Structure formats: structure tokens, C-alpha cells
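Notes for the one structure printed next.
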Protein chains: 2
Amino acid sequence: MGTATRSDWAERARATLSDAGYRRGGARAAVIDALAGQDCAITALELEDLLRRSDAGVGRASIYRALEQLEQLGLLQRIEVSRGTAGYERVESDGEHHHHAICRECGRLIPFEDSSLERAIEQVAGRISFDVSEHDVVLRGLCERCD
Amino acid sequence: MGTATRSDWAERARATLSDAGYRRGGARAAVIDALAGQDCAITALELEDLLRRSDAGVGRASIYRALEQLEQLGLLQRIEVSRGTAGYERVESDGEHHHHAICRECGRLIPFEDSSLERAIEQVAGRISFDVSEHDVVLRGLCERCD
DNA sequence: ATGACTGCAAAGCCTTTGCACGCAA
DNA sequence: TTGCGTGCAAAGGCTTTGCAGTCAT
């Protein structure tokens with residue numbers, strides 16, 4: 001109970017965009033649907049590939065524009081997945097989220113969750129004079145395959 | 001006692017480079033000296049400006065090359081300070097380090113330390129099958145000036 | 001003398017922007 | 001009909017690479 005589903009996110013994204021005054025369009029709809037099916041961060045170029053294979057294909061610029069809009073509305077979180085490349089993943093309405101371990105050898109992303117880490121971050125956020133709206137933790141090293 | 005100083009870092013950097021078979025050169029020496037004087041992350045282009053003003057000036061390519069070498073030797077940590085731009089800061093030998101709150105309005109970096117956060121990260125590192133060599137925490141939001 | 005170090009310019013890569021056309025409202 | 005949404009191509013910004021000259025060892 002109370003568990004957010006992927007379709008919930010897509011629904012919320014459409015509603016939020018609508019409330020923000022955005023119209024409907026095929027490209028952005030395709031981007032939203034694709035993001036709804038991801039389990040972890042995906043880059044703009046990976047998204048472009050994915051959309052070219054399955055659906056009709058979406059212009060690269062439209063993908064970047066959609067990602068930026070969704071990020072600004074708090075529906076996506078942007079993280080750096082490799083030198084100079086950004087990945088995006090859904091922000092769930094219930095605040096549930098994970099962080100990433102990134103393998104410096106193969107670039108693989110391993111997601112993990114940790115409640116005491118979250119607690120520690122909340123406490124830090126409370127004691128510094130800075131209005132924290134989001135946070136991100138990255139562990140770097142070698143994954144079990146590359147070790 | 002036991003407190004690492006900036007010159008210690010520069011000294012260690014020179015020794016580590018030497019041990020790794022690198023020769024001495026003016027450009028890299030200037031980069032090391034400049035980094036030794038920084039309190040927080042600095043980008044390659046900021047470093048270029050800094051060096052052009054004070055000393056003789058160092059080619060951009062040499063700066064990037066030096067930063068990469070120092071990072072690979074574990075003497076620098078690379079962090080994304082803004083969309084698509086990397087900042088570098090010293091890695092101290094005693095493991096002492098800070099993390100950053102980044103203002104989404106003005107881009108300012110506010111460093112902070114937190115021991116319980118470090119403890120939580122160590123525990124996470126211990127329980128996932130991933131060989132963690134470094135970690136990074138970023139808080140995003142508004143700084144007190146922009147709030 | 002040998003090969004690393006450096007600087008300049010050119011190329012790369014991801015991302016953003018300009019512009020004309022199409023579609024939602 | 002209005003002007004947002006889209007796609008293509010071009011431009012941007014940071015970073016890397018090729019190459020010839022210089023300097024450390």
C-alpha cells in the first residue's frame with residue numbers, strides 16, 4: 001500500500017506539465033513513457049536510441065528539451081553518470097529513491113538504498129544555512145565483475 | 001599534530017609523480033602549486049585564468065593533462081560543479097575531506113563536513129559487493145544569499 | 001641523445017540554440 | 001488562428017588529441 005508505480009509517475013508528469021501550461025506533444029509523451037519504464041538512470045543519447053528502435057523516433061533536441069523541462073518541474077533528477085555525460089531518473093512522489101555506485105572500469109551503475117545514510121543527510125541539511133531541495137550520493141570504485 | 005598542510009600535499013604530489021616515473025616540468029609544477037593554495041574545488045578554466053594572472057601562464061592542454069594525471073594517482077578528486085563542468089580538489093593523505101552544497105541559482109559551492117554522514121557511507125560501502133575507493137555527496141538547493 | 005613535457009591548434013563529445021514547419025488548443 | 005512543440009542542422013562549451021618544438025635526465 002502506498003507504493004508508487006511507474007504509471008503513477010507518468011500520470012503525475014503529464015498532470016504537472018499540464019498545470020504548468022505545457023501543451024501535449026508526441027515527442028515529450030514518448031520521452032515520458034520511455035522514462036516510466038526505466039529502473040535506473042538513462043542518458044539522453046541512450047533514450048534517443050531506445051526511442052528510435054521501439055517507437056517512431058524522436059529528435060535529439062526534443063529529448064533534451066523534454067528532459068530539461070521535467071527536471072525543472074522536479075519530476076526527474078539529473079546525475080553525472082560518466083565524465084561529461086548526464087543521466088536522468090524519475091523522482092518519486094513519496095520521496096523514495098536510491099543512490100549509485102559507479103564502476104570506474106565498465107561504467108556500470110549499481111543502485112543502492114540506505115536509510116541511515118538518508119537520515120544523516122537530513123540532519124546535515126538541517127544544520128547548514130542552505131535550503132536543500134535534493135541530494136545525491138555517488139560511490140566510485142570497482143564493481144564485482146571488474147574487481 | 002598530524003594535521004596535513006597544503007605544502008604537504010604539494011610535496012606528496014611531487015613525490016608520487018616522481019615515483020610513478022614522471023619527469024619534472026614547469027606546467028605541471030605550476031598546476032600543483034596553484035592547487036595547493038585552493039580551499040575548495042577549482043575548474044580547469046579557472047586554473048588557467050589564475051595561472052595566466054599570477055605566473056607565466058600555462059597552456060590549457062597542459063592543465064587538463066596535469067589534472068588527469070593527478071586524479072589518476074589519487075591526488076585529486078574530480079567533482080561536477082555545474083552542468084558539464086568539472087572541478088578538482090586535493091585529496092588529503094589522512095582521509096580528511098568535505099562535501100559540497102551547490103546553489104542552483106548562483107553556482108556557489110559551500111563545503112561542509114559531517115562525521116555521521118561519513119560513518120553511514122562507510123557502512124554502506126561495507127555491505128554492498130562493490131570495492132569503493134571514493135565517494136561524493138552533493139546537496140543542491142539555494143544558498144542563504146539566493147534564498 | 002632520448003623521450004617526456006609543453007603549447008598551439010584542431011578535433012571530439014555532449015548539449016543547446018536558431019529556424020521553419022506542424023499541430024494542439 | 002495563435003503560438004507552443006518538433007526536428008534538423010548549426011553553434012557552443014568543455015575537454016581531449018595530434019604534432020612539432022623544448023627541456024629534463
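Quantities reported herein were computed from a predicted structural model and do not represent experimental measurements. To find a chain, count down the sequence lines: A is the first, B the second, and so on, and within it residues start at 1.
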- So, is A/S62 close to the D/dG7 phosphate, meaning a side-chain N or O under 4.0 Å from OP1 or OP2? yes

- Message: Classify A/G26 by what it touches in the nucleic acid, base, sugar-phosphate, or nothing, heavy-atom distance under 4.0 Å.
- Response: sugar-phosphate

- Return the value, rounded to whole Å, for the distance between atom CG of A/L47 and atom C1' of D/dT6. 15 Å

- To the nearest Å, give me how far apart CD (A/E68) and P (C/dC14) are. 18 Å

- Could you tell me the separation between the CZ atom of B/R65 and the P atom of C/dA9, rounded to a whole number of Å? 14 Å

- Partner of B/C40 under side-chain contact (heavy atoms from CB on, under 4.5 Å), chosen from B/E89, B/R90, B/R108: B/E89

- Query: Distance check: side-chain N/O of A/Y64 vs OP1/OP2 of C/dT16, anything under 4.0 Å?
  - Reply: no

- How would you label the contact of A/R23 with the nucleic acid (heavy atoms, under 4.0 Å): base, sugar-phosphate, or nothing? base

- Note on the structure: When B/L50, B/L51, B/D49 are each screened for side-chain contact (heavy atoms from CB on, under 4.5 Å) with B/R53, the one that passes is B/D49

- C/dT16 P sits how many Å from A/I63 CD1, rounded? 13 Å

- Item | Side-chain donor/acceptor of A/R60 to base of D/dG7, under 3.5 Å | no

- Query: A/D19 has an atom CG; how far is it from atom P of C/dA25, in whole Å?
  - Reply: 14 Å

- Task: Could you state whether B/L47 and B/W9 fall into the same hydrophobic cluster, counting links through intermediate Ile, Leu, Val, Met, Phe, Trp or Tyr residues with side-chain heavy atoms under 4.5 angstrom apart?
- Result: yes

- Task: Scan A/A27 against the nucleic acid and name what it touches under 4.0 Å (heavy atoms): base, sugar-phosphate only, or nothing.
- Result: sugar-phosphate

- Donor-acceptor pair (no angle test) under 3.5 Å: B/R83 side chain, D/dG13 base: no

- Query: Under 4.0 angstrom, heavy atoms only, what part of the nucleic acid is A/R28 near: base, sugar-phosphate, or nothing?
  - Reply: sugar-phosphate

- Note on the structure: Atom CD1 of A/I42 and atom P of C/dC14 are separated, to the nearest Å, by 14 Å

- Query: What is the distance from CG of B/L17 to P of D/dA24, rounded to the nearest Å?
  - Reply: 16 Å

- Task: Using distance alone, with no hydrogens and no angle criterion, decide if B/R104 and A/S133 have a side-chain donor and acceptor under 3.5 Å apart.
- Result: yes

- Query: In whole angstrom, what separates B/L67's CG from C/dC5's P?
  - Reply: 15 Å

- Is it true that a side-chain atom of B/H135 and a backbone atom of A/L139 form a donor plus acceptor pair closer than 3.5 Å? no

- In terms of the nearest nucleotide of DNA chain D, which residue is placed more toward the 5' end: B/R24 or B/A61? B/A61

